[in-house]
Asks: 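Got a structure here, written out as structure tokens. Questions coming.
So that the names make sense, note that chain A is the first sequence line, chain B the second, and so on, each numbered from 1. Values reported hereafter were calculated over all heavy atoms of this structure, with side chains retained and with hydrogens, waters and symmetry mates removed.
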Number of protein chains: 2
Amino acid sequence: MAKNGKISDAVIRRLPKYYRYLGDLLKNGINRISSNELSRLTGFTASQIRQDLNNFGGFGQQGYGYDAKKLREEISKILGLDHKYKVVIVGAGNIGQAVANYAGFYEEGFEIMALFDKNPKLVGLRIRDLEIMDIDDLKEYLTHHKIDLVVLCTPKEASQGIADIVTSCGVQAIWNFAPTDIKVTDNVAIENVRMNESLYTLVYYYNEKSNNFNN
Amino acid sequence: MAKNGKISDAVIRRLPKYYRYLGDLLKNGINRISSNELSRLTGFTASQIRQDLNNFGGFGQQGYGYDAKKLREEISKILGLDHKYKVVIVGAGNIGQAVANYAGFYEEGFEIMALFDKNPKLVGLRIRDLEIMDIDDLKEYLTHHKIDLVVLCTPKEASQGIADIVTSCGVQAIWNFAPTDIKVTDNVAIENVRMNESLYTLVYYYNEKSNNFNN
DNA sequence: TAGATTGTTAATCGATTAACAATC
DNA sequence: TAGATTGTTAATCGATTAACAATC
């Protein structure tokens, strides 16, 4: 842990992976897990796993390991997955629909409350049990509903404008799929899914491996 | 640069961001850029930017800065974006369709050659100018076409199986959107887009900020 | 030339790993 | 108890930042 008591981003970003594997273990009826075994599953070192978890408390037991169910619950609490979150999706194209349709999010407490789009061909269509609403009604909607999180699935030209609108309405979390950087005030959490950058990185490593082959 | 001469992953993952901002600059008719100005745009320190770029060569000029066009081309070469890549998408649901429909990928040289799906309701449908093919024909297709990259947009239960098939057919790059870890041999590049983990991380920071507010 | 800005080395910082005492 | 495995400190490693000489 850093001296200021803040947990580093690298640690936080490993927690979801622990959470996922613990879920898998429980599904397979395994209730006890050692840092060594978790290391084998996740690819992180056992030492790192113990360090990570000890940032938040001593969840294990010497000579035994960790109780998978209890540990998963603790990580759930740390991440905040023990709460429910009201979500609005802006941009109801493929990505917006993919998020709306992904059952896994609902199971973890993310409730899609509404979808908005600018395209008249999409407005009125139903995704699951939700009718896509007109983007012009977004501000009005947000002033009347307490929304935790907005998923930004608009073209990149529109995203900063939408971000400004939703944050001015009090939304404090933005999940951005547009390939652009969005500026928000310090009280707003923002997380980018950078598909472009991911693809370019993949291509770099693809070529690196191919080149090695030609050596 | 590490002693072994290998560029660190952290450096590689910053390159696409440089690449993007250089493109924006060129679009705005700006041809000259200093590390200081790039720092302001990207949020990385000027020192880091100079370090990063110098891993690959001295692309700048003292007293002047960098030529945006030249620098962008160099990064393009480093990442391998100066090549064309033949791409097959497996799983033609929302995510698969989103990738297929995203024009930006085509512009960067990624040619979608075919889409495959298991769902008979999707097979035969057209996405852009491509007919969705039956997953049963995937192996046959790959043996007759040299494909660089497979995009995995299947449910997580199917992804390892598909990965095994495509790598056995010689595909050496997998872009995986399924929320699971896939095992491949060392000659295959794999890159995961972990939407779940991204969302959980966002929620962590969202709660952290809210808690601060309540202090 | 003077000013600007890179390229590059050295210093710092933080993250990861190793080691082992504590203890179940 | 003996064996196992955590929690935690110390050592190492690598990444970032600072500084400045080189040079355009």
Asks: Who passes side-chain hydrogen bond (donor to acceptor under 3.5 Å, both in side chains) against B/Tyr18, sequence neighbours left out?
Replies: B/Asp52
Asks: Quick one: stems for DNA chain D, with Watson-Crick or G-U pairs under 3.5 Å, at least three in a row?
Replies: C:3-24 with D:3-24
Asks: So which protein N/O to nucleotides 9-12 of chain C N/O distances come out below 3.5 Å?
Replies:
| from | atom 1 | to | atom 2 | distance (Å) |
| --- | --- | --- | --- | --- |
| C/dT9 | O4 | B/Gln51 | NE2 | 2.9 |

Asks: Can you tell me the distance, in whole Å, between the CG atom of B/Leu53 and the C1' atom of C/dT8?
Replies: 13 Å
Asks: Partners of A/Tyr66 by ring-ring contact (aromatic ring centres under 6.0 Å, His included), sequence neighbours excluded?
Replies: none
Asks: When you look at NZ of A/Lys139, are more than 12 heavy atoms from neighbouring residues, nucleotides or ligands closer to it than 6.0 Å?
Replies: no
Asks: Who pairs with B/Tyr21 by ring-ring contact (aromatic ring centres under 6.0 Å, His included), at least two apart in sequence or on another chain?
Replies: none
Asks: Using the test side-chain hydrogen bond (donor to acceptor under 3.5 Å, both in side chains), find all partners of A/Gln160 that sit at least two apart in sequence or belong to another chain.
Replies: A/Asp164
Asks: On the six-membered ring of B/Phe44, is B/Lys17 placed so that its NZ or CZ lies under 6.0 angstrom from the centre and within 45° of the ring axis?
Replies: yes
Asks: Could you check which of D/dG7, C/dT17, C/dA15 has an atom nearest any side-chain atom of A/Thr45?
Replies: C/dT17
Asks: Which nucleotide, D/dT17, D/dT6, C/dT6, lies nearest any side-chain atom of B/Ser35?
Replies: C/dT6
Asks: Measure CD1/B/Ile49 against P/C/dT5 and give the value in whole Å, please.
Replies: 14 Å
Asks: Whole angstroms only, please: what is the CD1-C1' distance between B/Ile7 and D/dA15?
Replies: 13 Å
Asks: Quick check: are there more than 12 heavy atoms from other residues, nucleotides or ligands sitting under 6.0 Å from NZ of A/Lys183?
Replies: no
Asks: In whole angstroms, how far is the C1' atom of C/dA15 from the CD atom of A/Gln48?
Replies: 8 Å
Asks: With sequence neighbours excluded, what pairs up with A/Asn192 under the side-chain hydrogen bond (donor to acceptor under 3.5 Å, both in side chains) test?
Replies: A/Asn176
Asks: Please name all residues satisfying ring-ring contact (aromatic ring centres under 6.0 Å, His included) with A/Tyr204, sequence neighbours left out, ordered by chain then number.
Replies: none
Asks: Rounded to whole Å, how long is the line connecting atom NZ of A/Lys6 with atom C1' of C/dG14?
Replies: 14 Å
Asks: CG of B/Asn55 versus P of C/dG7: gap in Å, rounded?
Replies: 12 Å
Asks: Less than 6.0 angstrom separating the ring centers of A/Tyr206 and B/Trp175, yes or no?
Replies: no
Asks: For DNA chain D, which residues in residues 62-73 of chain A have a heavy atom at a distance below 4.0 Å?
Replies: A/Gln62, A/Gly63, A/Tyr64, A/Gly65, A/Tyr66
Asks: The side chain of A/Arg50 is closest to which nucleotide in this list: C/dT8, D/dT6, C/dA15?
Replies: D/dT6
Asks: Rounded to the nearest angstrom, tell me the gap between atom CG in A/Asp9 and atom C1' in C/dA15.
Replies: 12 Å
Asks: Expected output is a numbered-order residue list: members of residues 10-29 of chain A with a heavy atom under 4.0 Å from any atom of DNA chain D. What is it?
Replies: none
Asks: Tell me which of B/Phe59 and A/Gln61 sits closer to the 5' end of DNA chain C, going by the nucleotide each one is nearest to.
Replies: B/Phe59
Asks: Return the set of residues passing side-chain hydrogen bond (donor to acceptor under 3.5 Å, both in side chains) with B/Asn101 (not counting sequence neighbours), or none when no residue passes.
Replies: A/Asn94
Asks: C/dT16 C1' sits how many Å from A/Asn54 CG, rounded?
Replies: 15 Å
Asks: Where do A/Val171 and A/Asp148 land on the side chain to side chain contact (heavy atoms under 4.5 Å, CB included) test, with the steps shown first?
Replies: CA-CA 6 Å; A/Val171 172; A/Asp148 295 287; over 6 Å; no
Asks: Check this for me: A/Tyr64, atom OH, are more than 12 non-hydrogen atoms of other residues, nucleotides or ligands nearer than 6.0 Å?
Replies: yes
Asks: Listed by chain and number, what are the side-chain contact (heavy atoms from CB on, under 4.5 Å) partners of B/Tyr141, not counting sequence neighbours?
Replies: B/Val88, B/Met113, B/Ala114, B/Phe116, B/Met133, B/His145, B/Ile147
